[in-house]
**Q** 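Quick one: the structure is below, and I'll ask about it shortly.
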Amino acid sequence: MKNVITIVAIVAISISSYAQKTLESYEPVLNSTLEKSIKVSYEKGYVIEEVKPNIYVLTDGIWQSAAIVTSDGVVLIDAPESFGQKIEKAVKEVTNEPIRTLVYTHGHSDHIGGSQYLSNLKDLEIISQTGVADFLREKNDSRRLIPTRTFEGALVLKKGSKQIYLSNHMNYHSNEGDLFVSVPQDKFLMVIDVLAPGYVPFKNLDLSNNVHNYLKVFDQILAYDFDVFIGGHLTGIGTKDDVLLNKAYVNDLYETVKRIHSSTNMLEVMSAAAEKIGWNNKYLLFDTFLNKVIEDSYKEIKSRWISQLAGVDVFTKSHISTMLNYVRWDD
Ligand SMILES: [Zn+2]
C-alpha cells in the first residue's frame, strides 16, 4: 500500500512539475517588444494615449480601438467587448466632444461587441461595410449594435478638420469585410488583425479566413504613407518597420513550408509509420506526414525568428499548420 501511495505521489509530482516546467520554459517577451508597448494599469483597466494630434489609442492591454476627436464629435474606430464599458469614461478624459460616430473595422465580436454599452448615446451613427451589416442583422447579437449607415468599397468621412478614409481592399481576415482606416494628413493607419508590433501574428495567421489574401495584405499596408500603425491587439504602437518585419516573417513561413512540404516524401513517411501500426488508420498515417512537415519547418523558422519577434514558441507552429493547409491545397 505504501508503495502504491509513493508511486501515486511521484506521478502527481512529475505531472505538476511537468506542467510548471512547460509554462516556464517559454521564452520571455523580448525587451525590444516590451519597450514599444504602452503600459496599462491593471487597476484602472485601460489607457487612452494620444498618438497623433487629436487621435487617441484606447487599450486594455489586449485589444485596441481609436478615438479621433474632431469639432464635429468623436469618431470611434471599433468598440472592443473587453473594455466597452469604459470607452465613454476614457474619451471624457481627453475631450468634451461627444462620441457621434462609430466605425466597425469588421464584424468580429471581440472588436465591436462593446458597442452594446454605447446604445445610450443619442443619434450615434454606426458605419460599416454592407456585408458586415448584413451579417450582423442575421446574427441578431445584442452585443453588436446594428449599423445605421453602410457603404461598399470606400468612404471618406469629413469631420471637422479631419478626413478619415475607410477602404476595403479585399477580405484578408474575416468573411464579411475588412477595413483599412487611415488619416493621411496625420500619417495614421489602422488595420486590424494582421499583426501586433513586436510579436508574431496571433494564432493561425491571425485567424485569417483567407491566407491567399493575407499574404498580399502587407504590401497593401506598405502602399500607404504612415508612421503610426495600429493593429488592434496588445499595446504596441507600430511603424512601417513593424509591418516590414512581419511581412518578412510571413514570407519566410511561406517559402520554408512550401520547400519542406515539396521535399518531404509522403509515402516514405507514411510507410515508416505503417510498419508500426499497419495501414488501417489512414488519418493517423497522413497526419504523421503533416506533422513531420510542421516539425521540420518549425526547427528552421524558430532558429531565424526567436530573437526577432515575441511569441514564436507560442504561435509559430499554428502559423505553419495554417500555411501548410494553404500550400498543399490552395497554392
Ligand atoms: Zn477579427
Side-chain angles (χ1 to χ4, degrees), residues 46 57-67 76-84 87 102-118 126-147 150-152 166-182 189-218 220-221 229-238 242-243 246-247 249-250 253 311 314-315 318-319 321-323 325-326:
Y46 68 89
V57 168
L58 290 83
T59 178
D60 63 351
I62 300 180
W63 282 269
Q64 296 173 328
S65 67
L76 190 66
I77 314 295
D78 285 345
E81 187 172 17
S82 63
F83 62 87
I87 287 175
L102 170 60
V103 173
Y104 289 164
T105 58
H106 65 301
H108 286 169
S109 56
D110 60 330
H111 290 277
I112 64 169
S115 62
Q116 64 186 304
Y117 303 109
L118 303 174
I126 304 177
I127 302 175
S128 81
Q129 296 172 83
T130 309
V132 172
D134 291 345
F135 171 70
L136 293 177
R137 266 190 291 273
E138 203 176 313
K139 291 305 294 177
N140 193 24
D141 172 4
S142 59
R143 297 171 301 167
R144 292 176 277 187
L145 299 182
I146 302 296
T150 60
F151 69 98
E152 288 189 50
L166 312 178
S167 316
N168 171 278
H169 298 289
M170 58 182 186
N171 296 344
Y172 56 85
H173 167 69
S174 70
N175 288 322
E176 299 79 28
D178 297 316
L179 270 191
F180 283 39
V181 179
S182 71
L189 179 63
M190 189 163 174
V191 181
I192 303 301
D193 288 344
V194 173
L195 66 102
Y199 291 81
V200 295
F202 183 65
K203 197 169 183 168
N204 297 112
L205 297 177
D206 232 319
L207 306 180
S208 178
N209 280 330
N210 191 327
V211 173
H212 187 61
N213 284 351
Y214 180 81
L215 286 169
K216 293 188 283 192
V217 77
F218 296 93
Q220 292 181 342
I221 292 171
F229 176 87
I230 304 301
H233 281 287
L234 306 179
T235 65
I237 306 299
D242 293 300
V243 180
N246 261 269
K247 179 189 167 183
Y249 168 78
V250 171
L253 276 174
V314 183
F315 284 144
S318 79
H319 300 151
S321 174
T322 299
M323 192 63 87
N325 292 348
Y326 173 69

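One-based numbering, in listed order, for ligands and for the atoms of each.
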**Q** Which single N/O/S atom of Asp193 lies at minimum distance from the Zn ion (ligand 1)?
**A**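 Of the nitrogen, oxygen and sulfur atoms in Asp193, the Zn ion (ligand 1) lies nearest to OD2.
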**Q** Provide the atom name of the closest N, O or S atom of His106 relative to the Zn ion (ligand 1).
**A**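 Output for this pair reads NE2.
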**Q** May I ask you to test the Thr322-Ser208 pair for a side-chain heavy-atom distance under 4.5 Å?
**A**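 No, side chains not in contact.
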**Q** Is the His319 to Tyr249 ring centre distance short of 6.0 Å?
**A**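 Yes: the rings meet the under 6.0 Å criterion.
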**Q** Look at Asp110 and state whether any of its N, O or S atoms is less than 2.8 Å from the Zn ion (ligand 1).
**A**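 Coordinating: no.
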**Q** Would you please classify the geometry between the His111 ring and the His106 ring as parallel, tilted or perpendicular, with 30° and 60° separating the classes?
**A**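 Geometry flag for His111 against His106: tilted rings.
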**Q** So, the side chain of Thr150 versus the backbone of Gln129: is there a donor-acceptor pair under 3.5 Å, distance only?
**A**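 A pair under 3.5 Å: no.
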**Q** Quick check on the Zn ion (ligand 1): does His108 put an N/O/S atom closer than 2.8 Å to it?
**A**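 It does: His108 brings an N, O or S atom closer than 2.8 Å to the Zn ion (ligand 1).
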